[in-house]
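Following: one structure in structure tokens, then a few remarks.
Remember, it's 1-based here, ligands and their atoms both numbered in the order they're listed.
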Amino acid sequence: MRLPLSGLGWLTAGLVVAACSGGKQSSAGGGSGPAPSGGVVELMKARGLSEADVTAALKTYTPTGKFDEYLTFASGGHSGQVVVIGVPSMRILKYIAVFTPEPWQGYGFDDQTKGLLASDSHGRNLSWADTHHPALSEQGGDYDGKFLFIGDKANARVAVIDLADFTTKQIVSSQLIGSDHGAAFVTPNTDYVIETTQYPTPFGGGFADPKTEYKTKYRGAAVFWKFDRAKGRIDKDASFAVEFPPYTQDLADAGKLASDGYAFFNSINTELSWGGNMEGNPPMESGSSQNDMDYLHVVNWKKAEELVKAGKTEMIGGMRVLRLDVAAAEGVLTFVPEPKSPHGVDVTPDGQDIVVGGKLDTHGTVYSFAKMKALIDAKKYAGKDDFGVPILDFKESIRGQVELGLGPLHTVYDNQGFAYTSMFLETVVAKWSLKDLKVVDKVSTHYNIGHLTAAEGDTVSPDGKYLIAMNKWALDRFNKVGPLLPQNFQLVDLTTPKMTVLYDLPIGLGEPHYAQMIKADKLAPVDVYKPGEDAVTSQLSPNATEGGKERIERRPDGVHVYMTAIRSHFTPDVIRVKEGETVHVHLTNLEQAYDATHGFAINSYNVNVSIEPGEASDITFVADRAGVFPMYCTEFCSALHLEMAGYLLVEPK
Ligand code: CUK
Ligand code: CUA
């Protein structure tokens with residue numbers, strides 16, 4: 001018998017599911033006619049579940065072997081990783097190692113990923129990141145499922161992840177930015193990946209005392225990292241930056257369709273507060289909240305691109321920079337006032353409006369791109385700021401304001417003309433109509449929602465259906481685990497007349513910030529690497545070793561071991577070296593079977609790699625301690641996995 005899934009009418013209307021139970025039947029209460037399976041009703045009773053609970057379970061439960069309709073890529077916060085989550089099941093599928101060593105993936109242990117972590121990391125051995133905003137690559141403003149970018153706020157870096165194998169390929173940073181928050185955001189065809197300053201620093205690096213030189217030396221910037229889609233890497237030399245005044249820039253978004261060619265950035269400190277609460281200044285929290293208005297930064301990046309091509313730039317810290325005076329004079333940078341302490345800036349799917357949430361304001365402000373563009377084209381300015389940047393009139397730039405409630409932060413969209421704004425203080429999601437700027441529904445979140453993400457909800461064609469509230473607090477939602485609690489991702493159903501919470505997923509790692517949800521069928525990852533592929537360069541490794549060509553070579557720079565792994569042995573399985581010699585293990589996994597991963601570890605040498613089928617990896621270490629060191633495979637790859645082992649023999653000097 002078929003089970004009508006809408007509204008669980010079968011529970012009370014009495015449609016029977018006896019066919020799949022065989023158990024005794026009991027009344028579901030209030031229903032006339034035959035009752036549903038006694039098994040289900042008894043289970044509900046025993047577990048104290050309501051009809052709404054069971055409905056939510058049926059909407060999210062994903063039986064073994066069934067796949068999810070969407071994948072969500074969430075920032076892993078302090079973990080420096082990306083979390084991949086299936087929707088609607090809310091099953092965690094993967095942690096992608098990005099900025100932080102990750103042992104299971106061997107990330108940060110082989111030469112390839114060690115080099116990746118060390119690259120563009122300010123010459124330091126950084127072992128964490130504060131990841132905030134993931135950005136899926138786009139074509140025509142729609143996710144294309146090819147690449148993912150993410151920003152590290154703390155260390156001002158941007159990473160490139162290839163979704164062909166869900167691994168990190170590149171990390172870039174500039175010397176212009178001391179911390180970023182407006183990262184990563186992509187332009188509609190992924191021509192550029194945008195990274196914007198949060199806290200301004202002396203431009204180009206070096207020291208300057210904020211007491212005397214904040215206004216003159218400190219600057220922010222928007223870096224437009226040029227993405228080379230064919231290579232799948234950022235081209236640093238083709239990238240450029242636009243200099244900003246030392247306001248504290250916040251979030252960013254790229255225009256699309258109607259507003260393609262423009263990008264928008266919030267700022268929260270037009271007071272130029274820099275702290276110093278023991279030096280006679282107000283603390284930043286009050287120092288930067290004096291003015292009624294901050295400035296939305298409107299950047300014409302297509303114009304900027306032209307000026308860069310025309311050579312109107314200065315080289316600063318190895319980057320071509322469009323200086324502030326040029327940007328202001330040439331119409332690249334324009335300001336529009338925005339209410340007190342804005343946070344999110346989110347362009348609508350048609351690109352016509354820009355929604356700004358003000359943390360200390362009860363409104364969402366809806367800017368009209370057409371109105372702003374007309375004012376800019378007519379050079380109709382209301383004034384200039386201290387840095388010479390033209391300012392538009394607030395009232396003439398907006399389409400209106402929507403009365404949302406307490407603490408509006410971020411906004412995403414659906415396919416029915418509705419916007420969804422996270423309300424941190426009120427701890428709800430507010431659903432409102434883009435047409436008449438009226439709130440139509442609110443759903444409580446648990447608790448203090450930061451970002452939210454909806455299915456393709458920041459693209460030109462959102463799907464509606466699902467939304468995830470990314471909550472900062474979780475106090476009474478889960479079993480107690482000590483004073484540090486997980487964050488709570490709540491899946492919200494957008495298909496019902498009133499929004500309903502379907503599922504709570506605790507995220508016990510980092511503090512996630514933003515996430516994006518993509519239709520799973522847009523992703524087409526590979527099953528295995530090409531034989532001998534280097535997973536970081538995506539090219540054939542020069543050290544790849546074929547079966548039968550394994551060897552040990554002694555060269556001036558040390559001992560080179562060309563090793564292969566296949567179920568269930570390493571060849572060679574004994575490495576003999578002298579104490580003090582440098583050892584280079586070039587390890588290739590000969591498998592071409594899906595999921596036939598091997599690991600490789602050596603006792604006490606901190607050697608630990610994961611080699612996926614086909615992958616070639618290089619490991620370098622100095623055999624500085626004599627003795628006998630077991631080496632073995634760390635993935636349970638076969639019945640004889642425990643036999644997949646050998647010895648590193650280090651002969652004393
Ligand atoms: S965020 Cu980074 S402070 Cu609202 Cu985009 Cu959490
Ligand atoms: Cu290979 Cu275990």
Q) Can an N, O or S atom be found in His133 less than 2.8 Å away from atom 5 (Cu) of ligand 1? A)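 It does: His133 brings an N, O or S atom closer than 2.8 Å to atom 5 (Cu) of ligand 1.
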Q) For atom 5 (Cu) of ligand 1, does an N/O/S atom of His451 lie at less than 2.8 Å? A)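 A backbone or side-chain N, O or S atom of His451 is under 2.8 Å from atom 5 (Cu) of ligand 1.
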(Q) Whether Asp441 and Lys431 form a salt bridge (side-chain N of Lys/Arg under 4.0 Å from carboxylate O of Asp/Glu) is what I want to check. (A)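 Looking at Lys431 and Asp441, the cut-off is not met.
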Q) Would you call Gln249 and Ile268 a side-chain contact if the rule is heavy atoms closer than 4.5 Å? A)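 Result no, sub-4.5 Å side-chain heavy-atom pair not found.
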Q. Is the shortest heavy-atom distance from the side chain of Gln490 to the side chain of His446 under 4.5 Å?
A.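 Gln490 reaches His446 side chain to side chain.
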Ignoring hydrogens and angles, tell me if any N or O in the side chain of [X] forms a donor-acceptor pair with the backbone of [Y] under 3.5 Å.
X      : Y      : result
Gln516 : Leu136 : yes
Ser568 : Met644 : no
Glu195 : Asp180 : no

(Q) Among His410, Lys359, His181, which residue satisfies the side chain to side chain donor-acceptor pair (under 3.5 Å) criterion with His343? (A)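 Single side chain to side chain donor-acceptor pair (under 3.5 Å) partner of His343 among His410, Lys359, His181: His410.
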Q: Can you tell me, to 10 degrees, how wide the angle at atom 1 (Cu) of ligand 2 is between SD on Met644 and SG on Cys637?
A: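 Seen from atom 1 (Cu) of ligand 2, SD and SG are separated by roughly 110°.
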Report, in ascending order of atom number, the atoms of ligand 1 lying under 4.0 Å from any heavy atom of [X].
X      : value
Leu251 : 5 (Cu)
His181 : 1 (S), 2 (Cu), 3 (S), 5 (Cu)
His410 : 4 (Cu), 5 (Cu)

Q. How close does the nearest protein non-hydrogen atom get to atom 6 (Cu) of ligand 1, and which residue and atom is it?
A.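 Heavy-atom neighbour on the protein nearest atom 6 (Cu) of ligand 1: His513 ND1, 2.2 Å.
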(Q) As a test of reading the structure, name the N/O/S atom of His598 that is nearest atom 1 (Cu) of ligand 2. (A)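 It is ND1, the N, O or S atom of His598 closest to atom 1 (Cu) of ligand 2.
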Q: Determine whether any heavy atom of Leu409 lies closer than 4.0 Å to an atom of ligand 1.
A: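 It does not, in that no heavy atom of Leu409 comes within the 4.0 Å cut-off of ligand 1.
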Q: Look at the N, O or S atoms of Thr597, main chain and side chain alike, and state whether any lies under 2.8 Å from atom 1 (Cu) of ligand 2.
A: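 Looking at Thr597, which is the residue asked about, there is no N, O or S atom under 2.8 Å from atom 1 (Cu) of ligand 2.
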Q) Would one find an N, O or S atom of His641, in either backbone or side chain, under 2.8 Å from atom 1 (Cu) of ligand 2? A)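 No - counting backbone and side chain alike, His641 has no N, O or S atom under 2.8 Å.
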**Q.** For atom 2 (Cu) of ligand 2: the N/O/S atom of Glu635 at shortest distance
**A.**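 It is O of Glu635.
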Q. Ring pair (Phe, Tyr, Trp, His ring centres under 6.0 Å) with Tyr192: which of Phe185, Phe149, Trp301?
A.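 Of all the options given, the one that passes is Trp301.
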